[in-house]
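Only one structure is covered here, and it is reproduced in the block below.
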Protein chains: 2
Amino acid sequence: METERSSGSTSALETNEVAQIQGVLLGSPEIMTDYIAAFEQATPHIRLALPQDVSDPQAITFALAWDPGAEDFRPYPNLRLVSSIAAGVNGILASASLPGDVPLMRIAGESQAQMMAGFVTWHVLWHHRRFGDYFANQDRQHWERLPKRDARDIRVGLLGAGKMGGATARALKALDYDVAIYSRSGRNLPEGVTGFSGDGGLDRLAARSEILINLLPLTPETRGILNAELFARMPEGAMLIHVGRGEHLIEADLFAALDGGRLSAVSLDVFAIEPLPQDHPFWNHEKIVVTPHDACDSTPTQVAHEVAEAMKRLDNGRLPTSVVDRHAGY
Amino acid sequence: METERSSGSTSALETNEVAQIQGVLLGSPEIMTDYIAAFEQATPHIRLALPQDVSDPQAITFALAWDPGAEDFRPYPNLRLVSSIAAGVNGILASASLPGDVPLMRIAGESQAQMMAGFVTWHVLWHHRRFGDYFANQDRQHWERLPKRDARDIRVGLLGAGKMGGATARALKALDYDVAIYSRSGRNLPEGVTGFSGDGGLDRLAARSEILINLLPLTPETRGILNAELFARMPEGAMLIHVGRGEHLIEADLFAALDGGRLSAVSLDVFAIEPLPQDHPFWNHEKIVVTPHDACDSTPTQVAHEVAEAMKRLDNGRLPTSVVDRHAGY
């Protein structure tokens, strides 16, 4: 069993109620009950409970949240830390009862960034190398080589330069793609990557991107950023890989861009309503690959370790490493 | 128009027959006629012709070959260079008339290596991230997240440490896979990659490889290397990505390994008979992805430039950079 402590101290800690951190799970319980067991295993000094099982709300110093309700934070006056279970925090920031003076952290580890990089790289290669055509040909026992283009001649544009953008850019550079990144600050770019930022930067990145990848966080500024105006700047027949948040995309504009040929192929992992309703036209569109918001995951065990580390930092008067800048929204 | 010469000298050279290099195309003409036009465009000082169009065989100093016949080299006593159109030279080495004292080169450029790296990376991700399951779920409008594993926990083994093996290993490392390589010499390994060589090395690599990738050249030593003995050493449910040569694989052993569950999925790009016959059971096997020997390509223009560069080196008393070691067979 992996724990935060070295062997020998277990029994002392188990009987020492003062050393325990008590936490509450807020929001979509169906995706979160695994966390109670994971924390118990990985970080037994943090006790996690569902709201209905909390006997003393005053004792709760930590909240783990995903899409919490507007009033969910209200009963807990002594919170020292709020954490998301993933990279996104827009659902938490939307809760009216989120205390303004408590550090909010997100889970954005290296292993998630690598998962995202692999997921996106697969889609880039799927489009570039036309594997869909190979599958169709295999179905009819048809042997046909396809024309090829060097990766270095294919301009890939990333929106977002966080950990995920960085890992994705490095993976695509290793495959020789011509990679550029648009980000708010224009800083922290991997080697060999062209950076765009500022007002005209987004337009210039779109204009050069044969394959555009959205990895932005959802903020008031980025809501609806994937719209007709942006698509119109992209090269004819461009491709879109959307792994940000459903609310980044204006769906009607996407259909228009596909119908008009501006976009020739789209991969969507995130949606305004999730799970994507069964009758949504995305499912059956021949130019759209749908995946179930599954590009990357933090495991409950990872979350437990990151939260334990953050609580330790708070005890030492430091903020968690992945603390959210509430003004920026991520 | 791209040429090897700077502007101004064209007309002088066109009338100067002495400066011309005359070459002949040997082997499968259906895939090679593009080369005549490509050489004319890219390297007009090298004239390429089909054997039936050669008026003076004594004047031929260069041969471009792919699967030539046993006697195809015989009419040309003054060859200074023989080149393959691709990385493979086993078909050329098999020709009885190949002169023993003429440098033989293969085309193994950086852009081919990058193409191979992209092709293989796609298959690794296809298997690891279960994209086939996502497609099946999209077909039935079914939203289901899949369990995930970190790339760093997945052991990928490469057979072959040439340019293609190196580029592939670097791309997979950028995605955090645990990469090892088996090669004859055990040298020239990319950073962070475990090397295996020697007698027991192949067995040890197979034993650790959840995903095994064959990039070896075809030589007497490697013929039939993908066989029951090798598969038996691999972990239960392992995956195979075969992009070497058809003759590396014992087909009956592959079917047995798939039926017995030793292998759970296979990607095949190369076959003993190409094009793969329409009635071959590979086409419809649910655990096999078939592609038409298309992992990477050298363009005829690239071949022209590499050959021109090699002829220049020979004029200066140096061997081509990609000269084949006939003893090793690649």
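Keep in mind that this is a model prediction, so the values were computed, not measured. Every chain is numbered from 1 and lettered A, B, ... according to where its sequence line falls, protein lines coming before strand lines.
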remark   = Looking only at B/Arg170, B/Arg149, B/Met115, B/His142, the option with the highest number of non-hydrogen pairs under 4.5 Å against chain A is B/Met115

Side-chain donor/acceptor of A/Thr299 to backbone N/O of A/Gln302, under 3.5 Å = yes

ask   = Which bit of A/Ala151 comes within less than 4.5 Å of chain B, counting heavy atoms only: side chain, backbone, both or neither?
value = neither

request  = Tell me, for A/Phe282 versus chain B, whether the close heavy atoms (under 4.5 Å) come from the side chain, the backbone, both or neither.
outcome  = backbone

task = Flag the one option from B/Ser111, B/Ala113, B/Ala167 with the top tally of heavy-atom pairs under 4.5 Å to chain A.
result = B/Ser111

message = Is it the case that the side chain of A/Ser264 and the backbone of A/Gly237 share a donor-acceptor pair, with hydrogens and angles ignored and the cut-off at 3.5 Å?
response = yes

request  = Mark yes or no for whether B/His248, through its side chain, and B/Arg245, through its backbone, hold a donor-acceptor pair below 3.5 Å.
outcome  = yes

task = Please state whether the side chain, the backbone, both or neither of B/Arg129 comes within less than 4.5 Å of a heavy atom of chain A.
result = side chain

Portion of A/Glu144 that has a non-hydrogen atom of chain B nearer than 4.5 angstrom = backbone

key: Among the listed options B/Thr291, B/Asp279, B/Asp139, B/Asp297, the residue most often paired with chain A at heavy-atom distances under 4.5 Å   = B/Asp297

A/Ile154 side chain near A/Val156 side chain, heavy-atom distance below 4.5 Å = yes

ask   = Distance-only, no hydrogens or angles: does the B/Gln138 side chain make a donor-acceptor pair with backbone N or O of A/Ile288 under 3.5 Å?
value = yes

task = Could you tell me which portion of B/Ala169 (side chain, backbone, both or neither) has an atom closer than 4.5 angstrom to a non-hydrogen atom of chain A?
result = neither

ask   = Given a strict heavy-atom distance threshold of 4.5 Å, which part of A/Val124 is in contact with chain B: side chain, backbone, both, or neither?
value = neither

remark   = Given B/Glu110, B/His280, B/Lys148, B/Glu274, the one with more heavy-atom pairs under 4.5 angstrom with chain A than any other is B/Lys148

query = When rounded to the nearest 0.5 angstrom, what distance separates SG in A/Cys296 from CD1 in A/Ile107?
reply = 12.0 Å

request  = Please tell me if the side chains of B/Pro275 and B/His293 come closer than 4.5 Å, counting only heavy atoms from C-beta onward.
outcome  = no

task = Could you tell me which portion of A/Arg152 (side chain, backbone, both or neither) has an atom closer than 4.5 angstrom to a non-hydrogen atom of chain B?
result = side chain

key: Audit row: B/His285, B/Leu258, side-chain contact (heavy atoms from CB on, under 4.5 Å) steps and yes/no   = CA-CA 10 Å; B/His285 198 292; B/Leu258 281 166; 3.8 Å; yes

remark   = Output for pair (B/Ile211 CD1, B/Leu240 CG), nearest 0.5 Å, gives 10.5 Å

inquiry  = For A/Asn137, which atoms come within 4.5 Å of any heavy atom of chain B: side chain, backbone, both, or neither?
reply    = backbone

task = Name the member of A/Asn284, A/Thr168, A/Leu172 that forms the most heavy-atom pairs with chain B at distances under 4.5 Å.
result = A/Asn284

